[in-house]
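Protein chains get the first letters and strands the later ones, always in sequence-line order, with residue 1 at the start of each. All of these numbers come straight from a predicted model, not from anything done at the bench.
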Number of protein chains: 2
Amino acid sequence: MSEQEQSTEEKILAAAEETFVKDGFEGARMQNIANKAGINKAMLHYYFRSKEMLFEKIFEMKSKFFFPAVKDMMKREDTTFIEKMEEFVEGYINFLTRYPFIPFFVVRTVNSSGTQGFIEKLPFKAQLAESVFISYQKDREQGVVAEIDPNQFLISVIGMCVFPFLGKPILKVVFEMEESNFESMMRSRIPELKLYIRKILTP
Amino acid sequence: MSEQEQSTEEKILAAAEETFVKDGFEGARMQNIANKAGINKAMLHYYFRSKEMLFEKIFEMKSKFFFPAVKDMMKREDTTFIEKMEEFVEGYINFLTRYPFIPFFVVRTVNSSGTQGFIEKLPFKAQLAESVFISYQKDREQGVVAEIDPNQFLISVIGMCVFPFLGKPILKVVFEMEESNFESMMRSRIPELKLYIRKILTP
DNA sequence: TTACGAATTAACCAAATGGTTAAACCAATT
DNA sequence: AATTGGTTTAACCATTTGGTTAATTCGTAA
């Protein structure tokens with residue numbers, strides 16, 4: 001059985017992830033997590049001292065992926081800035097389609113008043129922005145990319161990718177979509193955003 | 001005193017708004033709201049039967065403004081689609097700058113598993129999307145606007161405006177910003193987004 | 001086999017929370 | 001002055017929640 005091959009700690013983490021992602025920190029119930037993991041509630045405190053510490057563990061694991069690791073992509077010499085940003089959009093949307101809960105989980109946590117201090121543990125400080133900036137400057141000097149504000153542009157691209165996942169329940173109502181419609185909409189969103197990027201960045 | 005001129009109901013609503021917006025439904029405490037309003041906790045249940053009903057009232061008031069009322073703007077005959085979208089960005093960002101908590105409040109509520117049923121009460125069903133679509137089609141027929149997907153474009157523009165407010169705590173860390181820096185960044189974001197819109201939509 | 005430490009459980013606890021109730025207050029009406 | 005009806009309060013209640021504890025099980029090394 002695949003269930004038995006999981007250690008107790010892994011079972012707890014899996015159950016906690018599911019619960020915290022769905023209900024948030026305040027909404028999550030320790031008993032609920034224990035039930036989902038098929039163990040006694042006391043075990044949660046045995047492996048992780050408190051609800052806070054368990055949550056911290058999950059958040060640390062998940063937040064790593066809110067901003068993807070694009071350092072290597074940005075450093076490549078054989079692609080233009082435009083191509084890099086197109087690649088970024090495709091990779092990011094595909095990733096978020098697989099883990100659609102991460103954006104909301106991260107955004108809720110960093111905005112929540114009850115869970116201060118988590119922001120400091122964000123692992124993407126100065127990773128993404130700087131590599132994008134350098135990559136842009138190189139192309140700009142050669143005049144192969146239009147003059148824009150790279151920081152504003154980066155925020156815009158991320159916003160265009162992430163927002164549909166944050167506003168998904170709203171979009172489903174506004175555009176009268178089922179789950180399958182949303183997925184196909186996100187699929188066709190990739191070439192659409194690539195088009196926008198190319199139009200904005202072409203000199 | 002301005003405090004005494006407020007009726008008890010107004011005091012409750014003001015305190016509830018502040019608390020719910022900051023802590024969300026599950027995080028908010030009735031006792032906290034009562035203290036903030038300077039009244040007895042039983043009064044909350046006297047004026048609004050339950051926590052759910054009080055929250056519903058606040059959410060209804062706030063969610064109206066998540067998607068701004070742009071119907072009239074979109075129906076104007078003397079502006080092009082490009083100009084309308086530029087005007088939209090300027091108005092929306094200015095609005096969100098004044099009420100920067102609304103996006104997160106709405107997004108958290110519609111995504112929360114504990115507060116189902118509130119989405120149905122969203123007042124913007126088919127208001128925004130349809131008026132934008134019609135406005136685009138008119139210009140498209142005259143060839144004065146590029147061929148894009150108007151729905152995807154609308155989601156993109158909203159995402160570019162809203163995302164900075166949702167990710168504000170993260171952006172402040174990533175770009176090492178203070179509150180004042182964030183504000184000036186949002187100010188300079190308006191012409192930047194207008195530039196993007198013009199580049200995307202110019203045929 | 002025994003001993004020992006880690007893993008696991010059932011029962012329990014104190015605090016917090018949303019909600020209720022009965023009594024008191026207060027202004028207007030009779 | 002007495003009555004009435006809405007408003008306000010203090011005290012109370014049942015339930016839930018995160019967390020603890022003491023006892024038990026289990027694997028393993030001596």
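- Contact annotation: A:Ser50 side-chain N/O to D:dG18 OP1/OP2 distance is not under 4.0 Å.
- Atom CD in B:Gln31 sits about 17 Å away from atom P in C:dA15, given to the nearest Å.
- Separation of the A:Phe55 and A:Phe25 ring centroids falls under the 6.0 Å cut-off.
- With C:dG18, C:dT9, C:dT20 as the choices, the nucleotide that has an atom nearest any side-chain atom of B:Ala42 turns out to be C:dT20.
- The closest donor-acceptor contact from the side chain of B:Thr19 to the backbone of B:Ala16 lies at 3.5 Å or more, if one exists at all.
- Atom CD in B:Glu9 sits about 13 Å away from atom C1' in D:dT7, given to the nearest Å.
- As a whole-Å value, the separation of B:Asn40 CG from D:dA11 P is 11 Å.
- If you run side-chain contact (heavy atoms from CB on, under 4.5 Å) between B:Phe81 and each of B:Ile197, B:Val132, B:Ile134, only B:Val132 comes through.
- Positionally, the nearest nucleotide of DNA chain C for A:Ile39 lies more toward the 5' end than for the other of B:Met30 and A:Ile39.
- Residue B:Ala28 is classed as a sugar-phosphate contact, given heavy-atom separations below 4.0 Å to backbone atoms only.
- Atoms CG (A:Asn32) and P (D:dG18) sit 10 Å apart, rounded to a whole Å.
- Between B:Tyr92 and B:Phe88, the ring centre distance stays below 6.0 Å.
- Applying the 4.0 Å criterion to OP1 and OP2 of D:dT7, one finds that B:Thr8 has every side-chain N and O outside that range.
- Listed nucleotides: D:dT8, C:dG19, D:dG18. Nearest to the side chain of A:Lys51: D:dG18.
- Distance, B:Ile33 CD1 to C:dG19 C1': 14 Å, rounded to whole Å.
- Within the structure, a side-chain polar atom (N or O) of A:Arg29 is placed less than 4.0 Å from OP1 or OP2 of D:dG18.
- Going from atom OH of B:Tyr46 over to atom P of D:dT9 covers 12 Å, rounded to whole Å.
- A:Met43 comes within 4.0 angstrom of a nucleotide base, judged by non-hydrogen atoms across all strands.
- Between B:Tyr47 and D:dT8 there is a side-chain polar atom (N or O) within less than 4.0 angstrom of OP1 or OP2.
- A:Arg198 contributes no side-chain N or O that, together with a main-chain N or O of A:Ile82, makes up a donor-acceptor pair within less than 3.5 Å.
- Rounded to an integer number of Å, the gap from NZ of B:Lys41 to P of C:dG19 is 9 Å.
- The distance from atom CD of A:Glu26 to atom P of D:dG18 is 11 Å, rounded to the nearest whole Å.
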